[in-house]
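Atoms considered below: every heavy atom in the structure, side chains included; atoms not considered: hydrogens, waters and symmetry mates. Within every chain, numbering begins at 1; the chains are lettered A, B, ... in the order of the sequence lines, protein sequences first and strands thereafter. Note that the structure is a prediction, hence the values are computed from the model and not measured.
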Protein chains: 2
Amino acid sequence: MNLDNSGLHHLIATKLDEVGQMYTQKRRELVDALSQAGPCTLPELLEFSDGIAQSSAYRNLTVLEEMGVVRRLVHHGEYGRWELSEELTGHHHHHLVCHSCDVVIDVELPTHIEHLMDEAFETAALGSKFTVDRHNIDIVGTCVDCQETAQA
Amino acid sequence: MNLDNSGLHHLIATKLDEVGQMYTQKRRELVDALSQAGPCTLPELLEFSDGIAQSSAYRNLTVLEEMGVVRRLVHHGEYGRWELSEELTGHHHHHLVCHSCDVVIDVELPTHIEHLMDEAFETAALGSKFTVDRHNIDIVGTCVDCQETAQA
DNA sequence: TGCACGATTAAGAATCATTCTCATTATGGT
DNA sequence: ACCATAATGAGAATGATTCTTAATCGTGCA
């Protein structure tokens, strides 16, 4: 639970400094929460962080998104979710999404599969003359907790 | 533009009839629009359809979704999108998504790639004890129109 | 150290896609 | 035709997110 995020924080601090933005305690807390808990909704972030206002959380997430520090996910739950950007963590990944409770968990796929997919996506995009930048994959199903709840 | 949707309509009519729902003219128009135009936002559907009220469109889409006739997509644009369900069309597909104008276009991938992905997804889900039901893939990039606009 | 300026914060108002309410209208069975 | 049930549409309500604004904080500079 007590991860060393000093490298991460230093990277972000430099990034924000370049455009005259401050890396405040509140922003640090948001990053720590995302770093520890993975993709979070706003209410989850408010619990993790210590007394940050809702409006400040939204504004800071927007700023951090513009800086490429976090990325906003959008699924079917009532709240959006936020995660640290792959650019920052260096880990390309995808998501297990529970269609019962909307929880989101990171997964990585073998690199040879990623290569095959990238090729297939490029080919598929050709027909519509699309330029491909990236891909998002949601593996949708039921998480352990919801499987157990359904059984009981 | 004048596709023959009689088979499709018959299937849906039967499906709705089984649960005492009517397949009205308005609902038929929504299905026709989706069948011709692919994934649509609500404003797009209102244009296609002839004088349907906004609230009725939303309500009908919700009903049709519960019947498994349509599926709701959620991306980053201001509006949600709707498409005919794969169960109904029989065509498993994915989406090209333009991050500039939010347009969504259907694409199909070779079946051998789908098989490889399914295996990889099952394996990836094991670690979190997830039960996999399906997968959604967004190939994100820039559509032709936005490429041209950017150039000009 | 103290000051001044710009950035950040937070409370609450505003926005706006979506959902809900309810009175009216259409439909199908008898 | 009559009735029960379902669908429609206008407008109100909801609620996540964004915006406004006044107060506070941090940093650099004298």
**Message:** Please check this pair: side chain of A/Ser85 against backbone of A/Leu88, looking for a donor-acceptor N/O pair closer than 3.5 Å.
**Reply:**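 Yes, the answer is positive, given that a donor and an acceptor are paired below the 3.5 Å cut-off.
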How many whole angstroms separate atom [atom1] of [X] from atom [atom2] of [N]?
X: B/Arg28; N: D/dA7; atom1: CZ; atom2: C1'; answer: 14 Å
X: A/Arg81; N: D/dT17; atom1: CZ; atom2: C1'; answer: 17 Å
X: B/Tyr79; N: C/dA17; atom1: OH; atom2: C1'; answer: 7 Å
X: B/Trp82; N: C/dT19; atom1: CH2; atom2: P; answer: 6 Å
X: A/His76; N: D/dA16; atom1: NE2; atom2: P; answer: 17 Å
X: A/Leu45; N: D/dA16; atom1: CG; atom2: P; answer: 15 Å
X: B/Asp17; N: D/dA7; atom1: CG; atom2: P; answer: 11 Å
X: A/Gln25; N: C/dT9; atom1: CD; atom2: P; answer: 10 Å

**Asked** Within less than 4.0 Å of OP1 or OP2 of D/dG9, is there a side-chain N or O belonging to B/Lys26?
**Response**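 Result: yes.
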**Nearest-neighbour nucleotide for the A/Arg27 side chain, C/dA17, C/dT18, C/dT8 considered** =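 Selected nucleotide (nearest to the side chain): C/dT8.
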**Item:** Among C/dA10, D/dA16, D/dT27, the one nearest A/Met22 by side-chain distance
**Value:**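 Looking only at heavy atoms from C-beta outward on A/Met22, the closest nucleotide is D/dT27.
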**Prompt:** If you measure from the Lys or Arg side-chain nitrogens to the Asp or Glu carboxylate oxygens, is any gap between B/Arg71 and B/Glu86 under 4.0 Å?
**Reply:**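 Salt bridge flag = no for B/Glu86 with B/Arg71.
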**Prompt:** Is any NZ, NE, NH1 or NH2 atom of the basic residue among B/Lys129 and A/Glu148 found under 4.0 Å from an Asp or Glu carboxylate oxygen of the other?
**Reply:**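 Answer for the salt bridge query: no.
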**Asked** Can we call the ring centroids of B/His135 and B/His92 under 6.0 Å apart?
**Response**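 Under 6.0 Å, so yes.
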**Prompt:** Do A/His94 and A/Asp138 have side-chain N/O donor and acceptor atoms under 3.5 Å apart?
**Reply:**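 No - no donor-acceptor pair under 3.5 Å links their side chains.
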**Message:** Is it true that A/Glu83 and A/His93 share a donor-acceptor pair across their side chains at a distance under 3.5 Å?
**Reply:**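 Side-chain D/A pair, A/His93 to A/Glu83: present.
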**Item:** Those residues of residues 50-68 of chain A lying under 4.0 Å from DNA chain D by at least one heavy atom
**Value:**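 By residue number: A/Gln54, A/Ser55, A/Tyr58.
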**More than 12 heavy atoms from other groups under 6.0 Å of NE2 on A/His76** =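 More than 12 within 6.0 Å, yes.
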